[in-house]
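Down below is the structure, laid out as C-alpha cells.
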Amino acid sequence: MLNSFTSEYLDGLACGGFTPRPKVSGRLSSYDGLLMEAVGLSLPVGTVCAIGTGESRVDAEVIGFRGGKTLLMNLGGPAALLPNTPVRPVGAPGEAEVGAAMLGRVVDGAGKPIDGLGPIRGAGKWPLAGKIQSPLDRGRVLQPLDVGVRAINGLLTIGQGQRVGIMAGSGVGKSVLLGMMVRAAKADVIVIGLIGERSREVSDFLETKVAGEARGRSVVVAVPANHSPVLRIRGALRATAIAEAFRAEGKKVLLIMDSLTRVAHAGREIGLALGEPASARGYPPSAIAMLPSLIERAGTDVHTGGSITAIYTVLADGDDGNDPVVDSARSILDGHIVLSRALAERGVYPAIDLGPSVSRVMTDIAGKAHVNAARVLRRHLATYEENRDLVLMGAYRAGADPAIDAAIACHDSVLDYIRQAYDDTVSLEDAVTELVGVFGDA
Ligand SMILES: Nc1ncnc2c1ncn2[C@@H]1O[C@H](COP(=O)(O)OP(=O)(O)OP(=O)(O)O)[C@@H](O)[C@H]1O
Ligand SMILES: [Mg+2]
C-alpha cells in the first residue's frame, strides 16, 4: 500500500518552499477593474492574493509596487469590491504543475483542470518563469522532426529544438495546420498553449484536433481571450514550463503556442495599466521584451538529450510587415512559415507561401540531394510567380525562355506537392523521396 505513494506523489503533496506568514493582510485602496492597489502589504512579485471573502472574493497577482503601495492585477472577472477590502496572500509566486500526471489533461491559466476529469494527482513542480540555463547547455539543432506535413517536411524541414513561427492573417488556416501537426508529429509529448483565442475555438480545437491517440500524449493549457491578461501570460509561461519539465526527462517535446501575438497583447494590457509609455503600435517596451525570454526557453538540452521544438503562431495581416510582434518574432525565431491568403483563396491548403518562408536550420539537418531538390522547386515557383501575369495574359510565348517554360511545366506538380488534405499524413521520408524523385535531377 505504502509503495503506491511514489515519491512523485508525495512531492505533489508538499507545499514547496513558500510559507505565507500568518495574519499578513492589507487593505484595498484602489481598483479600476483590472489594476488594484493595496496598502499595508509587503509581498514578493508574483504572489497570489485573495481579495475579500466568500461570494465576492477575487484573486489577484502582485505585479509590482509604487510609492508604498502594492500593485495587483485581477485574475478573475469583474468583482463587486469595496474600498478597504482585506487583501491576504494565498499562493506562492508561480509554480506550474508538470510531469506525466498532466498527460491527456486540459488546464487553465491558473493550472486548474477544466476537462471535468477531476483533480490532477502526483504532478511535479517547475518554476513558471523557468530555470536559468547557460547558453552552452543548449545543443545545436541537428536532427529533423517529422511533423507529418509534406510541404514542411520537404521544403521547410523543422529540426528538433528549433523555434518556428507560423505567420498569417486571420482565417488562413493556422489552426488546421497546427491540428495536422498535433496529430502526426513524431514527438514524445505535445504541449499546446491556446492563449487569447475565442472560447469557441478552444473547444473546437480540443474536440477536433487533440482527439484520439494525440490526446494521450498531449497537455493543453487553454486561456481564452476573456480571461485576465495576467492569466493569459501565466498560461504561456505554464505551457513552456510543462514542456521544460518533460525536456528535463529527456523527452522530445513539441510545444505549440497559438498565438504569440495574443501573449504580446496581454503584455500590452498589463504594461499600459502600469503606466508604461506605449511605443511601437501601442506596445510598451516590456510587452515586446517579454517575447525573447519566452521563446529562448525552447531548444535542445545537451545534458538530457531532450528537446523542445516550438511552433508559435503570429498574426500578420495585410501590410503588417512593421508590426513589432512580427518583427521581433522574425528576428528571434529560427524560421518562419508564412501562410498566404491568396493561396487559400485559390484553395491551396495548407496555404504555405514558400517565397518568404524559411527554415534557418534546414541545411544542417537535411541531406544534400534533399536541399538541392527543395532549391529547384523554390526556383521554379519563384520564376513562375515573377512571370505569372505575363503567362496568364498570354503575353509570354512558349520557347522564349527555357527557365520560364520549365517553371510553367512543373507549376502544377509544385502546387500538388504543397497541397495536403487536413486528415492526411505524409512522413518525412515519403516527403523527401517524392521531392527528390520529381525535382531531384534538374
Ligand atoms: N487543409 C485545409 N483543407 C481545407 N480547408 C482548410 C484547410 N485549412 C484551412 N481550411 C479552411 O480555412 C478555414 C480557416 O482555418 P483556420 O481556422 O485554421 O484558420 P486560422 O488561421 O486559425 O483562423 P483564426 O485567425 O480565426 O484563428 C477553415 O475553416 C477551413 O474552411
Ligand atoms: Mg485559429
Side-chain angles (χ1 to χ4, degrees), residues 106 146-156 158 164-185 190-212 214 218 220-227 232 235-236 239 254-266 310-320 323 325-326 329-330 333 336-354 356-357 414-427 430-431 434:
V106 185
D146 184 347
V147 294
V149 180
R150 180 170 43 216
I152 298 181
N153 280 343
L155 304 167
L156 296 162
I158 294 181
V164 187
I166 296 187
M167 320 230 166
S170 55
V172 189
K174 293 181 298 295
S175 302
V176 174
L177 182 59
L178 292 180
M180 290 167 85
M181 296 199 239
V182 168
R183 201 188 54 240
I190 302 179
V191 181
I192 305 163
L194 298 174
I195 312 295
E197 296 291 310
R198 286 148 284 189
S199 305
R200 174 188 62 73
E201 276 203 311
V202 171
S203 45
D204 180 75
F205 197 92
L206 292 178
E207 268 163 41
T208 61
K209 298 176 182 102
V210 199
S218 309
V220 180
V221 181
V223 196
N226 57 347
H227 286 208
R232 278 179 267 149
L254 177 64
L255 170 67
I256 287 178
M257 190 85 71
D258 190 11
S259 76
L260 191 66
T261 304
R262 307 267 190 232
V263 176
H265 285 180
I311 299 183
Y312 301 93
T313 65
V314 180
L315 281 171
D317 241 332
D319 63 340
D320 266 2
D323 180 278
V325 181
V326 175
R330 194 174 281 142
L333 294 167
H336 45 268
I337 298 170
V338 179
L339 302 188
S340 126
R341 197 174 295 279
L343 282 175
E345 279 165 0
R346 279 189 257 151
V348 180
Y349 284 110
I352 298 174
D353 190 357
L354 286 174
S357 302
V414 170
L415 288 189
D416 280 345
Y417 190 81
I418 297 175
R419 262 196 208 111
Q420 186 175 337
Y422 76 96
D423 51 1
D424 212 11
T425 301
V426 180
S427 71
D430 291 351
E434 193 180 333

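Side-chain atoms are counted along with the backbone in the values below, which use heavy atoms only and exclude waters and symmetry mates. Counting starts at 1 for both ligands and their atoms, following the listed order. Throughout, numbering of the chain's residues begins at 1 and tracks the sequence. What you are looking at is a predicted structure, and each value in this text was computed from that prediction instead of being measured.
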Give a yes or no answer on whether the side chain of [X] reaches the backbone of [Y] with a donor-acceptor pair at less than 3.5 Å.
X	Y	value
Arg341	Ser170	yes
Lys174	Ser259	no
Arg183	Tyr422	yes

Heavy-atom distances under 4.0 Å decide this one: backbone, side chain, both or neither, for Val176 against ligand 1?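 The part of Val176 near ligand 1 is both the backbone and the side chain.
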Taking heavy atoms and a distance under 4.0 Å, where does Arg198 meet ligand 1: side chain, backbone, both or neither?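 Side chain only.
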Does ligand 1 come near enough to Met180 that some N or O of the ligand is less than 3.5 Å from an N or O of the residue?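 The answer is no, given that Met180 and ligand 1 share no N or O pair closer than 3.5 Å.
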Applying side-chain contact (heavy atoms from CB on, under 4.5 Å) to Val426 and Val149, what does each step give before you reach the verdict? CA-CA 6 Å; Val426 180; Val149 180; over 6 Å; no
Between Asp204 and Arg198, is there a salt bridge with N-O shorter than 4.0 Å?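 Looking at Arg198 and Asp204, the cut-off is not met.
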Could you walk me through whether Val220 and Leu206 satisfy the side-chain contact (heavy atoms from CB on, under 4.5 Å) test, starting with their C-alpha distance in whole Å, then the side-chain angles of each, then the deciding distance to 0.1 Å, before giving a yes or no? CA-CA 8 Å; Val220 180; Leu206 292 178; 3.7 Å; yes
When you measure from [atom] to every protein heavy atom, which one gives the shortest distance, and what is it?
atom	result
atom 17 (O) of ligand 1	Ser175 CB, 4.1 Å
atom 3 (N) of ligand 1	Tyr349 CB, 3.6 Å
atom 20 (P) of ligand 1	Lys174 N, 3.5 Å
atom 27 (O) of ligand 1	Glu201 OE2, 3.3 Å
atom 19 (O) of ligand 1	Gly173 N, 3.1 Å

List ligand 1 atoms under 4.0 Å from Ser170, heavy atoms only on the residue side.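 The atoms of ligand 1 under 4.0 Å from a heavy atom of Ser170 are 25 (O).
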Atoms of ligand 1, numbered as shown, that sit under 4.0 Å from any heavy atom of Tyr422: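 It comes down to these atoms of ligand 1: 1 (N).
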Checking only N/O/S atoms, does Ser175 have one that is under 2.8 Å from the Mg ion (ligand 2)?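 So Ser175 counts as coordinating the Mg ion (ligand 2), yes.
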Give a yes/no verdict on a cation-pi contact between Arg150 and Tyr417, requiring under 6.0 Å between NZ or CZ and the six-membered ring centre and an angle within 45° of the axis.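 Relative to the ring axis of Tyr417, which defines the angle, Arg150 lies inside both limits.
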Step-by-step side-chain hydrogen bond (donor to acceptor under 3.5 Å, both in side chains) determination, Asp146 to Ser427: CA-CA 6 Å; Asp146 184 347; Ser427 71; 4.7 Å; no
Would you say Gly171 touches ligand 1, if touching means a heavy atom closer than 4.0 Å?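 The answer is yes: ligand 1 sits under 4.0 Å from a heavy atom of Gly171.
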Atom 30 (C) of ligand 1 touched by protein (heavy atom, under 4.0 Å):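 There is no protein heavy atom less than 4.0 Å from atom 30 (C) of ligand 1.
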Could you go through Leu177 and Tyr349, starting from their C-alpha distance and side-chain angles, then the distance that decides it, and tell me whether this counts as side-chain contact (heavy atoms from CB on, under 4.5 Å)? CA-CA 9 Å; Leu177 182 59; Tyr349 284 110; over 6 Å; no
